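As structure tokens, the structure follows; a few thoughts come after it.
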Amino acid sequence: MRWSESYIPTLKESPADAEVISHKLLVRAGMVRKLTSGIYVYLPLGLRALEKVSRIVREEMNAAGFQELLMPMVQPADLWKETGRWEFYGKELLRFRDRNEREYCLGPTHEEVITDLVRGEVKSYRQLPVRLYQIQTKFRDEIRPRFGLMRGREFVMKDAYSFDVDDAGADKSYQRMFEAYQRIFSRMGLRFRAVEADSGSIGGNFSHEFMVLADTGEDTVAACSACAYAANTERAEAVWKGTANTVSCASYVLMPTPGAHTVEEVATLLQVPATSVVKTMLYDVDGEAVAVLVRGDRAVNEIKLKNLMNATEVTLATPAQVEEWTEAPLGFAGPVGLNKVKRIYADLELQAGTDYVTGANAGDAHFIHVDLNRDAQISAYADMRLVMEGDVCPRCGAPLILPRGIEVGHVFKLGCKYSAAMKAHYVDEAGAEHPMVMGCYGIGVSRVVAAAIEQNNDANGALFPPAIAPFEAVVLVLDPKNADVMTKATAIYNMLSGMGVDVLLDDRDERPGVKFKDADLIGSPFQLVLGAKGLEKGIVECKDRRTGAKGTLPLEAFEEHLVQWMQQVREGWHI
RNA sequence: CGGGAUGUAGCGCAGCUUGGGAGCGCACUUGAAUGGGGUUCAAGGGGUCGAAGGUUCAAAUCCUUUCAUCCCGACCA
């Protein structure tokens with residue numbers, strides 16, 4: 001492709017509405033343009049990156065025994081009513097009516113459609129497993145679209161579904177997919193981690209998220225510094241390392257703490273460490289008042305509370321609820337004498353402690369010397385907190401690290417949730433009917449492109465891994481009006497094309513500086529620079545975009561040197 | 001949905017407090033010089049000042065309404 005004939009509108013300045021680096025660079029590099037909130041046009045360069053990602057996904061899906069199909073974006077309401085999701089999915093589901101007042105939605109996901117499809121065709125265990133996928137545009141009317149392609153409303157997703165006769169079969173499908181995902185993100189040249197994720201009501205270890213590691217990621221990963229353990233922080237087990245606070249006192253004592261609402265204020269005022277303060281958080285769990293106690297320097301993990309109580313809805317109590325349940329102003333809740341709250345859960349870490357500071361359920365007052373076992377009605381001690389820096393791995397005890405990540409993939413064992421609701425049944429060898437056991441597996445294709453930039457960029461632009469760069473190589477022709485230079489550049493361009501390398505020939509009548517800047521911006525990993533000066537010396541300059549390392553390749557035995565250099569650059573990407 | 005902010009040329013912005021000429025930089029067009037890290041000079045083109053209504057002799061500027069976009073909190077690939 002010649003740059004002079006391409007539609008690559010690069011920008012010197014970032015658009016005012018772009019906040020994160022991937023969004024800024026995608027726009028500046030002429031890869032995307034916003035049409036409206038959360039909805040983007042993929043320009044030729046952006047589409048190329050999308051297709052590179054899609055191609056790798058396709059190859060690995062096919063290799064894993066999944067077959068591609070394409071389902072409609074518009075889906076009838078009836079199917080969603082069958083699974084109950086027409087009511088439960090919420091406002092993210094964009095609903096509308098046709099001219100006959102029939103109800104439809106734009107597909108945010110395709111469990112209903114695929115289950116409907118499969119139940120119509122598959123009747124026997126002999127036909128299972130069925131493993132299908134598609135790469136398609138999804139629409140989710142996100143509460144708050146933001147960060148460009150990272151959280152759009154319309155986005156490209158690969159979604160795959162498996163149908164098996166039993167759990168063992170479903171596990172096999174899951175395992176295949178898990179391995180395929182590992183290969184996919186490795187091939188893309190991204191640094192990532194597969195993390196255990198909360199699987200909600202389904203249970204078991206059958207949910208993993210694939211996180212591209214980047215400091216700007218929205219999610220936090222708890223990863224072991226030594227072994228393979230990694231989990232979403234929502235799920236990560238907090239290990240109880242023992243309790244320091246074990247000095248015993250005869251009874252608790254009321255202390256005035258005027259104006260001290262936060263743990264920090266209380267700790268400072270009473271001159272005790274935050275670890276000796278008990279934080280009492282009140283929650284509305286399916287309409288019931290529940291208190292959760294954690295050490296003052298910890299945070300409650302609401303997911304753990306939700307799972308512990310097998311609840312559907314957990315929300316932090318409103319100030320009004322807190323005041324009603326504690327009969328005190330906000331900021332002074334404590335477990336002692338908290339009679340209106342029937343369930344009080346305490347984190348494991350607090351179970352052996354005997355000398356705590358807690359709220360007194362009265363304005364401007366706290367208790368000191370509280371022994372929870374003696375003074376409060378604790379329903380149960382359980383792992384209730386979020387892991388933090390300094391925690392250790394629940395598997396091997398080595399320190400945990402908490403890198404940030406961007407969720408680009410999710411593998412999930414669905415069980416019979418949809419097959420049972422939609423009667424996707426098969427008949428086994430004995431003639432008995434069973435619901436199929438399902439799995440679903442997503443990759444945010446457009447998000448991968450953003451995540452790749454989020455992970456790999458510098459002050460001058462994107463640094464695309466070779467496997468997903470819109471163009472792997474750019475040949476910069478500094479003197480396009482010089483026939484000799486142009487001839488040589490074209491020959492090199494043809495050589496690269498012949499080697500199967502996606503190459504862009506910058507033959508524009510622009511100043512060299514413009515070409516250097518643009519080449520850096522679009523992030524092609526290989527840059528070759530041809531000018532009259534170099535040709536006189538019999539050399540072509542080369543630059544590794546990732547490291548910035550510049551070198552020269554002699555025109556003599558050029559191809560050999562080129563291949564060697566490109567190999568070096570590629571190896572740099574497989575860290 | 002709650003809290004905050006912004007809408008002025010394709011992009012980035014000033015002007016608004018204190019009403020009166022629509023401006024600046026980049027981009028674009030033409031000419032000249034220049035030609036290895038976003039080149040310089042000169043001359044141009046391009047705007048219903050988000051929209052509607054109001055106040056006023058006069059509104060980008062003040063008032064009301066409305067729409068859109070972005071940021072911070074509850075979702076998920």
Side-chain angles (χ1 to χ4, degrees), chain A residues 9-20 23-24 27-28 30 33-39 53 57 88-93 108-110 135-160 181 185 197-198 200 207-212 218-219 232 234 302 313-316 318 405-412 440-451 459-461 476-482 485 508-521 527 529-535 537 541 543 548 550:
Chain A
T10 58
L11 261 32
K12 277 189 186 178
E13 288 175 287
S14 296
D17 58 10
E19 192 68 15
V20 298
H23 188 192
K24 289 178 183 173
V27 174
R28 285 191 56 205
R33 286 291 181 267
K34 184 174 72 183
L35 181 63
T36 182
S37 180
I39 299 180
V53 171
V57 169
F88 289 110
Y89 207 92
K91 289 187 178 173
E92 243 178 85
L93 187 65
T109 178
H110 282 68
I135 294 176
Q136 192 234 24
T137 299
K138 295 281 183 283
F139 193 92
R140 294 183 188 174
D141 200 357
E142 290 281 348
I143 268 159
R144 185 147 90 83
R146 57 182 150 175
F147 304 152
L149 294 193
M150 296 269 277
R151 183 178 301 279
R153 291 196 291 171
E154 188 177 299
F155 59 98
V156 179
M157 180 171 162
K158 185 282 302 182
D159 48 324
Y181 275 36
F185 297 114
D198 183 63
S207 178
H208 285 86
E209 289 170 350
F210 284 76
M211 300 283 203
V212 166
E218 282 191 273
D219 299 305
N232 189 314
E234 288 178 344
E302 293 181 17
E313 181 106 32
V314 171
T315 51
L316 193 60
T318 61
I406 300 163
E407 186 186 348
V408 290
H410 198 168
V411 290
F412 203 96
C440 71
Y441 319 90
I443 289 180
V445 173
S446 44
R447 185 183 277 182
V448 166
V449 175
N460 295 320
L476 289 76
V477 190
L478 299 190
D479 306 290
K481 288 177 180 164
N482 178 320
V485 175
R508 294 175 298 171
D509 181 20
E510 288 285 355
R511 299 182 64 89
V514 173
K515 298 186 182 187
F516 289 130
K517 288 287 183 190
D518 274 346
D520 283 355
L521 191 56
Q527 288 182 15
V529 182
L530 270 90
K533 290 181 188 173
L535 285 198
K537 286 188 262 177
E541 283 159 65
K543 176 172 142 184
K550 292 176 190 169

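In this text the structure is predicted, and so the values were computed from the model without any measurement. In the text below, chain A, chain B and the rest are named by the order of the sequence lines, each starting its count at 1.
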Please measure how far the [atom1] atom in [N] lies from the corresponding atom in [M], and state the result in whole Å.
N: B/A60; M: B/G20; atom1: C1'; value: 13 Å
N: B/U17; M: B/G73; atom1: C1'; value: 33 Å
N: B/U6; M: B/A14; atom1: C1'; value: 15 Å
N: B/U30; M: B/C11; atom1: C1'; value: 23 Å
N: B/G19; M: B/C57; atom1: P; value: 15 Å
N: B/G46; M: B/G10; atom1: P; value: 12 Å
N: B/G23; M: B/G47; atom1: P; value: 12 Å
N: B/G15; M: B/G3; atom1: P; value: 28 Å

Counting side-chain heavy atoms from CB outward, which of [options] is closest to [X]?
X: A/Arg144; options: B/G36, B/C76, B/C71; value: B/C71
X: A/Thr36; options: B/U69, B/G37, B/G35; value: B/U69
X: A/Phe516; options: B/C76, B/G37, B/U39; value: B/G37
X: A/Glu13; options: B/G35, B/G36, B/G12; value: B/G12
X: A/Ser37; options: B/C75, B/G35, B/C70; value: B/C70
X: A/Ile143; options: B/G38, B/A74, B/C72; value: B/A74
X: A/Leu521; options: B/G38, B/A77, B/C71; value: B/G38
X: A/Asp17; options: B/U69, B/G73, B/U34; value: B/U69

CD-NE2 distance between A/Glu209 and A/His410, expressed to the nearest 0.5 angstrom
5.0 Å
Opposite nucleotide pairing with [N], Watson-Crick or G-U, both atom distances under 3.5 Å:
N: B/C75; result: none
N: B/C57; result: B/G20
N: B/G46; result: none
N: B/G10; result: B/C26
N: B/A5; result: B/U69
N: B/U64; result: B/A52

Please determine whether any donor N or O and acceptor N or O are separated by less than 3.5 Å between the side chain of [X] and the base of [N].
X: A/Lys517; N: B/G36; answer: no
X: A/Glu541; N: B/G36; answer: yes
X: A/Asp518; N: B/G38; answer: yes

Let me see the working for A/Asp520 and A/Gln527 under side chain to side chain contact (heavy atoms under 4.5 Å, CB included), right down to the final yes or no.
CA-CA 9 Å; A/Asp520 283 355; A/Gln527 288 182 15; 2.7 Å; yes
For RNA chain B, whose closest nucleotide is more 5', that of A/Thr10 or that of A/Leu149?
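Its nucleotide being nearer the 5' end, the pick is A/Thr10.
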Report the residue (A/Ala16 or A/Arg28) whose heavy-atom-nearest nucleotide on RNA chain B is the more 5′ of the two.
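By nearest-heavy-atom nucleotide position, the 5'-most residue is A/Ala16.
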Can you tell me if [X] touches the phosphate of [N], counting only side-chain N or O atoms and a distance under 4.0 Å to OP1 or OP2?
X: A/Ser14; N: B/G12; result: no
X: A/Lys12; N: B/A27; result: yes
X: A/Lys34; N: B/C70; result: yes
X: A/Arg146; N: B/C72; result: yes

Please name the residue in the list A/Ile135, A/Asp159, A/Val57 that meets the side chain to side chain contact (heavy atoms under 4.5 Å, CB included) test with A/Ile443.
A/Val57
If we require ring centres under 5.5 Å and near-parallel planes under 30°, does A/Phe155 stack on B/A77?
yes
If you look at every strand shown and take non-hydrogen atoms under 4.0 Å, does [X] touch a base, only sugar-phosphate, or nothing?
X: A/Asn460; answer: nothing
X: A/Val408; answer: sugar-phosphate
X: A/Gly152; answer: base
X: A/Gly531; answer: base
X: A/Asp159; answer: nothing

Please assess A/Val27 against A/Leu11 for the test side chain to side chain contact (heavy atoms under 4.5 Å, CB included), listing each intermediate value before the final yes or no.
CA-CA 8 Å; A/Val27 174; A/Leu11 261 32; 3.8 Å; yes
Quick one: does any side-chain atom of [X] pair with a main-chain N or O of [Y] as donor and acceptor, under 3.5 Å?
X: A/Arg447; Y: A/Met150; value: yes
X: A/Lys158; Y: A/Tyr441; value: yes
X: A/Lys517; Y: A/Lys12; value: no

Side chain to side chain contact (heavy atoms under 4.5 Å, CB included) between A/Phe516 and A/Val529, worked out
CA-CA 9 Å; A/Phe516 289 130; A/Val529 182; 3.9 Å; yes
